[in-house]
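Lettering of chains follows the sequences in order, A, B, ..., and the numbering in each one begins at 1. On a predicted model such as this, the values are computed, not experimentally measured, just so you know.
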Number of protein chains: 2
Amino acid sequence: MKRIAESTVRRLSLYLSFLEGIERQGLKTVSSDELARLGGTTSAQVRKDLSLFGSFGKRGLGYFVPELSEKLREILGLGKQWRVCIIGAGKIGAALARYRGFAERGFNVTAVYDSDEAKIGKRWETLTVRPISELEKDAAKQGFDIAVVATPAENTPAVVKQVVRAGIKAILNFAPVQLSVPSDVTVRNVNMAMELEGLSFALSNRSE
Amino acid sequence: MKRIAESTVRRLSLYLSFLEGIERQGLKTVSSDELARLGGTTSAQVRKDLSLFGSFGKRGLGYFVPELSEKLREILGLGKQWRVCIIGAGKIGAALARYRGFAERGFNVTAVYDSDEAKIGKRWETLTVRPISELEKDAAKQGFDIAVVATPAENTPAVVKQVVRAGIKAILNFAPVQLSVPSDVTVRNVNMAMELEGLSFALSNRSE
DNA sequence: TGGCGCTTGTGAATTAGTTCACAAACTAAT
DNA sequence: ATTAGTTTGTGAACTAATTCACAAGCGCCA
Ligand SMILES: NC(=O)c1ccc[n+]([C@@H]2O[C@H](COP(=O)([O-])OP(=O)(O)OC[C@H]3O[C@@H](n4cnc5c(N)ncnc54)[C@H](O)[C@@H]3O)[C@@H](O)[C@H]2O)c1
Ligand SMILES: NC(=O)c1ccc[n+]([C@@H]2O[C@H](COP(=O)([O-])OP(=O)(O)OC[C@H]3O[C@@H](n4cnc5c(N)ncnc54)[C@H](O)[C@@H]3O)[C@@H](O)[C@H]2O)c1
């Protein structure tokens, strides 16, 4: 299959969230034009994105909402349940671990790790904070699909080494550092400082 | 000035963070090649990005680290202090309000708002949670440059209307909804579910 | 001063991503 | 059955972003 751009995958995610809203409204079909309007793009873009994976629409009608939702979930790999561990039981880690929205989409937080003796052993709803030193052993036993890394920037490269050694192939990183990982490991960064700087840039350069 | 792509601005942010690390190491100059290596891009990309704003380097030598840092801070609008308010005193709002990293870069959280009576009036370190109904009045008095929106998805469109009415021109949105705002308001979205779906896609489509 | 080694800045070339535009396929109405 | 009205799927055209490639500038040293 040909390479799919990250921007395409982001839009597919977006379309799926729109479809879920449309389904709740009880509509049976939707046109590429309507999805484009919701997503701030063009109908040609929507059709191109979908056509990378097949022909899901009916000419003259549009797309059947439940059918297209299902296809998108399949494409995005959301059919299955993913096992997620959170590394770093701090402020961000706590917010993420307690967030209901992830499990709804099949991302199940099944463990939380920290290096701080004061935090290890603490109960977080159904989870207990575990020592990071056990990560590799636990991963071998129960297997994690995704690691969410929410540790201080300076410790994060070392943490990520452990994550990689534990055989985890996908990382969502919240620390403001650039990670270097083997090519079979996928990283996505959430860098809020960078987003704020983008806003700062926009505010500083308006109307020029 | 010509339009600058968002991807360029993201890279400028990244370069700046590298420069700060390099400065701490005590190095005086850096080449585009070194910055490219750190950022996982090419030296031509680095030079193109910078050349959009001027000629900051010295041939044969590279860039003077403190000088380039300063230039980047200027370009990104980081010379000044920005006033930031957080809307939604929930899990994410709490993590953000207590995060030290923002003030270090000139983003000062000066107020937190919520609609929940139980939360209004609570003290958060130096801040007191204020009723969202006061947002417009407060904004007129003290002025906010940036609003961080961390409210439940269903309430977020209404919240954003209030933010826009309060005259705030930049929004960092954590709710998984697409916002519609006037064209003079800049929005950046942080959508963690979408990032996880990107990882899910990568895990599901490896080696094809 | 001249030559060498290095690195920038930037047009040109290339590659990637988006939009156009239209034939083909479908529905509904008569 | 025919026609009018939609909307898809997709090459072709276009636009944006990245990479190439090299002249020109600079430091250093003999
Ligand atoms: N809090 C925010 O709003 C916010 C915003 C943007 C970015 N971030 C980034 O997210 C990361 C976490 O931020 P935070 O505010 O939650 O910090 P925090 O200090 O509240 O939490 C960090 C946690 O990581 C743990 N830790 C440290 N080293 C570890 C190791 N080697 N192995 C396992 N655990 C370890 C600490 O014990 C602590 O519990 C940081 O990199 C920060 O820059 C946070
Ligand atoms: N917690 C997470 O890790 C996480 C992760 C990804 C996305 N999000 C998103 O971030 C947003 C906030 O999530 P959270 O977990 O912090 O939720 P939360 O329920 O902990 O907090 C939301 C807060 O917003 C307040 N609120 C509701 N309506 C409001 C209004 N009209 N005006 C002002 N305040 C209002 C609530 O009183 C509450 O305090 C949600 O949209 C959620 O989907 C959260």
Side-chain angles (χ1 to χ4, degrees), chain A residues 1-15 18-19 22 27-72 75 178 198 201-202 205, chain B residues 1-15 18-19 22 27-72 75 178 198 201-202 205:
Chain A
M1 184 186 278
K2 83 158 71 57
R3 211 193 94 70
I4 306 295
E6 186 175 307
S7 55
T8 304
V9 178
R10 299 192 109 83
R11 284 193 301 268
L12 294 177
S13 267
L14 211 52
Y15 303 155
F18 298 152
L19 288 168
I22 291 165
L27 297 172
K28 301 303 285 173
T29 64
V30 68
S31 67
S32 57
D33 213 43
E34 176 65 7
L35 287 175
R37 203 183 52 72
L38 293 169
T41 179
T42 65
S43 63
Q45 178 78 81
V46 173
R47 295 196 299 275
K48 258 281 141 77
D49 287 340
L50 297 176
S51 77
L52 293 170
F53 301 93
S55 297
F56 309 131
K58 265 215 161 24
R59 292 166 190 230
L61 240 196
Y63 301 87
F64 290 104
V65 176
E67 186 184 316
L68 184 57
S69 296
E70 187 43 38
K71 278 289 175 199
L72 285 178
I75 291 166
Q178 206 64 3
F201 177 82
N205 295 275
Chain B
M1 184 186 281
K2 83 157 71 58
R3 212 192 95 68
I4 306 295
E6 186 175 307
S7 55
T8 304
V9 178
R10 298 192 111 84
R11 283 192 301 268
L12 294 177
S13 267
L14 210 53
Y15 302 154
F18 298 152
L19 287 168
I22 291 166
L27 297 174
K28 301 303 284 174
T29 64
V30 67
S31 66
S32 57
D33 213 44
E34 176 64 8
L35 286 174
R37 203 183 52 73
L38 292 169
T41 179
T42 65
S43 64
Q45 178 79 82
V46 173
R47 294 197 299 274
K48 259 274 143 77
D49 287 340
L50 297 176
S51 77
L52 293 169
F53 300 93
S55 298
F56 309 130
K58 268 217 159 23
R59 291 167 192 232
L61 240 195
Y63 302 87
F64 289 105
V65 176
E67 187 184 316
L68 184 57
S69 296
E70 186 44 36
K71 279 288 175 200
L72 286 177
I75 292 165
Q178 205 64 3
F201 177 82
N205 295 275

Give me the distances for all protein-to-nucleotides 17-20 of chain D N/O pairs that come in under 3.5 Å?
from    : atom 1 : to       : atom 2 : distance (Å)
dT18(D) : OP1    : Arg11(B) : NH1    : 3.2
dT18(D) : OP2    : Arg11(B) : NH2    : 3.0
dT18(D) : O5'    : Gln45(B) : OE1    : 3.2
dT19(D) : OP2    : Thr42(B) : OG1    : 3.4
dT19(D) : O4     : Lys48(B) : NZ     : 3.1

In whole angstroms, how far is the C1' atom of dT6(D) from the CZ atom of Phe64(A)?
-> 14 Å
Atom-to-atom span, CG of Leu50(A) to C1' of dG9(D) - whole angstrom = 11 Å
Students should find that the nucleotides of DNA chain C closing off the region near chain A, any atom under 4.0 angstrom from a heavy atom, are dG17(C) to dC26(C)
Taking all atoms of both residues into account, what is the closest heavy-atom pair of Phe56(A) and Leu50(A), and its distance?
-> CE1-O, 3.7 Å
Among residues 33-40 of chain A, which contact DNA chain D at a heavy-atom distance under 4.0 Å?
-> none
Minimum heavy-atom separation for Ser43(A) to Ser32(A), with atom names?
-> CB-OG, 3.6 Å
Taking all atoms of both residues into account, what is the closest heavy-atom pair of Phe64(A) and Leu61(A), and its distance?
-> CZ-CD1, 3.8 Å
Distance col, row Thr41(B):OG1 vs Leu14(B):CG, nearest 0.5 angstrom, shows 9.5 Å
Hey, could you give me the CG/OG1 distance between Asp49(B) and Thr8(B), rounded to the nearest 0.5 Å?
-> 5.0 Å
Which residues satisfy the side-chain hydrogen bond (donor to acceptor under 3.5 Å, both in side chains) test with Tyr63(A), sequence neighbours excluded?
-> none
Using a 4.5 Å cut-off on heavy atoms from C-beta on, say whether the side chain of Glu67(A) contacts that of Glu70(A).
-> no
Check the pair Arg10(B) / Glu6(B) against salt bridge (Lys or Arg N to Asp or Glu O under 4.0 Å), numbers first and verdict last.
-> CA-CA 6 Å; Arg10(B) 298 192 111 84; Glu6(B) 186 175 307; 2.6 Å; yes
Do the non-hydrogen side-chain atoms of Glu34(A) and Phe18(A) ever get within less than 4.5 Å of each other?
-> no
Just call it for Ser32(B): base, sugar-phosphate, or nothing, with non-hydrogen atoms closer than 4.0 Å on any strand.
-> sugar-phosphate
When every non-hydrogen atom of Leu12(B) is compared with those of Phe53(B), the smallest separation belongs to CD1-CE1, 3.6 Å
Please name the pair of heavy atoms, one in Gly198(B) and one in Val9(A), separated by the smallest distance, quoted to 0.1 Å.
-> CA-CG1, 4.1 Å
Which distance, rounded to the nearest 0.5 Å, do you find between the CZ of Arg37(B) and the OG of Ser31(B)?
-> 9.0 Å
Out of curiosity, Leu68(A) CG to Leu19(A) CG, how far, rounded to the nearest 0.5 Å?
-> 5.0 Å
Each nucleotide of nucleotides 25-30 of chain D classed B (base within 4.0 Å of a protein heavy atom), S (only sugar-phosphate) or -, in 5' to 3' order, makes BS----
Could you grab the distance from atom NZ of Lys48(A) to atom OG1 of Thr42(A), nearest 0.5 Å is fine?
-> 10.0 Å
Compare every heavy atom of Ile22(A) with every heavy atom of Val65(A), then report the nearest pair and how far apart it is.
-> CG2-CG2, 3.8 Å
Stems field, DNA chain D, Watson-Crick or wobble, 3.5 Å, at least 3 pairs, by first number, holds C:1-30 with D:1-30
